[in-house]
Engineer: 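Got a structure for you, questions after.
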Amino acid sequence: MEPQADNRPNIVFIMSDDHAAHAISCYGSRMNRTPNIDRIADEGMRLDQCFCTNSICAPSRAAILTGVYNHINGVRTLSDRFDGRQQTMPKLLQENGYQTAIVGKWHLGHGRESDPTGFDYWDILPGQGDYIDPAFIRGGERRVIRGYATDIITDLSIDWIGRRDPDRPFFLMCHHKAPHRPWIPDAKHASLYEDVDIPEPETFHDDYTNRASAAAAAEMRIDRDLTARDLKMEPPEHLTGAALKSWKYQRYMKDYLRCVASVDDNVGRLLDYLDAEGLTGNTIVVYTSDQGFFLGDHGWYDKRFMYEESLRMPFVIRYPRGIRPGTVDDRHMVLNTDFAPTFLDYAGIGIPADMQGVTFRPVLQGESPEGWRTSMYYRYWMHMSEHAVYAHYGIRTEQYKLIYYYADALGTTGSEDNPQPPEWELFDLKKDPHEMINVYDDPDYARVVDILEQELYRLQAEVQDEKYEPNPAR
């Protein structure tokens, strides 16, 4: 195949939903194998310190599109509609000659200003979408496509690449809905892991002591909060206690991992197509997820918390012309706000000054940029709206994590006469990587607390967010 006239790299951005890094074998999964995702890492780079700035679907997607934090792009929660009139990375690529497309999960609202903008082609799931025989919206028209969502999204992505102008570079966002709840596998993988026991994580029986009250209050426990819809059947009547919890965990995890297996197969289909079409050499391929996920860690499913399993995003990237194969970066903190400026950098497009993220292209080239961040800022806004998770913000450094649950929790854990005060958590990640012991009130960490609180407020001001101020009427 003749090379395209415009030799800038194509970009294929594959993103799943709720796929935790610790369910990917190149990240050391004890549970499953993902050979096709691993292939991207083997032929490129794996990032070990990639984090989201708000661990929930819509806000993470908005941050990726815009390169700015959620209080700037307007999508703080799942109910906030994205305003497509604002500056986005796909718009800038499109304006500078790239062919652009998004296929699959959008989850940023529909109609008027909330439909995808900056894309020559979009074919998206309404809302969360369905696993089986899903509806898609293409150019405002809704239709049902028979089959399994992960296969269909890949089919549509490959079809669009095949119909593109071969003389111009392209940018494709291939967005899978899997492995989002309720974890419905396809027929091919329905019996996968049938005779296997999925190992339980070390923190599976966490009792939420030595933490702020938010951990105990959260309603996403495997033993208590999974539904019959999640489990696909009622539990055996004879099971109770720890045995029942373990049974639910196996039901949950096997369906979750079956959905992941389908995603991995389809990543392989897309990689094979690029090979067959002679596109591999000049195409950047990324695999990531919109955030992490609890896979029985702390006895939980879901995400939202700033704890590591939820905060960390998998990120593997391949570009034969610019990234050395088989490399790993475990030193540099990369954020989802950095994706947009990085893609613009590779496309030779100037990065707008108002983008808050920074390009990590030098990191991908094996360099250590001067002045690279050593701390990152996080904020979750949806106080008690789903899974009873408290609103919080905080920072993560190379060794510590400081979290502030800032809502008074009036009417939740407190009352008008006795409101629950805001709470702090501090974890020493070197001594306590599983975040089981809050050392905020430990006198030995008093100096650390002072330094981290000042850094928290510095970062908060830097990203133009507002410090929480308690309601004076209380």
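From a predicted model like this one, the values you see are computed outputs, not experimental measurements. For the numbers below, each heavy atom of this structure counts, side chains included, while hydrogens, waters and symmetry mates do not.
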Engineer: Are a donor atom and an acceptor atom from the side chains of Asp329 and Gln49 found within less than 3.5 Å of each other?
Structural biologist: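 Per modelled atom types, Asp329 and Gln49 side chains form no pair under 3.5 Å.
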Engineer: So that I can tick it off, tell me whether Lys105 and Asp18 are bridged by a salt bridge, with the cut-off set at under 4.0 angstrom between side-chain N and carboxylate O.
Structural biologist: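 No, Asp18 and Lys105 are not salt-bridged.
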Engineer: Quick one: are the ring centres of Tyr307 and His298 less than 6.0 Å apart?
Structural biologist: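 Centroid distance Tyr307-His298: below 6.0 Å, so yes.
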Engineer: Hey, are Ser375 and Thr397 close enough side-chain-wise for a donor-acceptor pair under 3.5 Å?
Structural biologist: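 Per modelled atom types, Thr397 and Ser375 side chains form no pair under 3.5 Å.
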Engineer: Would you say the rings of Tyr301 and Tyr256 are close, in the sense that their centroids are separated by under 6.0 Å?
Structural biologist: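 Tyr256 vs Tyr301: aromatic centres not under 6.0 Å.
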Engineer: Ion pair present between Glu386 and Lys303, side-chain N to carboxylate O less than 4.0 angstrom?
Structural biologist: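 A salt bridge is absent here (no side-chain N lies under 4.0 Å from a carboxylate O).
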Engineer: Suppose we screen for salt bridge (Lys or Arg N to Asp or Glu O under 4.0 Å). Which residues come up paired with Asp230, at least two apart in sequence or across chains?
Structural biologist: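 Testing Asp230 for salt bridge (Lys or Arg N to Asp or Glu O under 4.0 Å), a comparison that skips the adjacent residues, returns Arg181.
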Engineer: Are the charged groups of Asp6 and Arg8 less than 4.0 angstrom apart, N to O?
Structural biologist: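 Between Arg8 and Asp6 there is a salt bridge, with a charged N closer than 4.0 Å to a carboxylate O.
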Engineer: Side chain to side chain contact (heavy atoms under 4.5 Å, CB included) with Thr77: which residues, sequence neighbours excluded?
Structural biologist: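 Thr77 satisfies side chain to side chain contact (heavy atoms under 4.5 Å, CB included) with Ser79, Asp80, Trp381, Met382 once adjacent residues are dropped.
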Engineer: Measure centre to centre between the rings of Tyr468 and Tyr393, then say whether the value is under 6.0 Å.
Structural biologist: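 No; Tyr393 has its ring centre 6.0 Å or more from that of Tyr468.
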Engineer: With sequence neighbours left out, write down each residue that passes salt bridge (Lys or Arg N to Asp or Glu O under 4.0 Å) with Lys401, or none if nothing qualifies.
Structural biologist: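 In terms of salt bridge (Lys or Arg N to Asp or Glu O under 4.0 Å), with neighbours along the sequence ignored, Lys401 is linked to Glu308, Glu435.
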Engineer: Between Asn54 and Arg76, do the side chains contain a donor N or O and an acceptor N or O under 3.5 Å apart?
Structural biologist: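 Their side chains do not contain a donor-acceptor pair, so the 3.5 Å distance test is not met.
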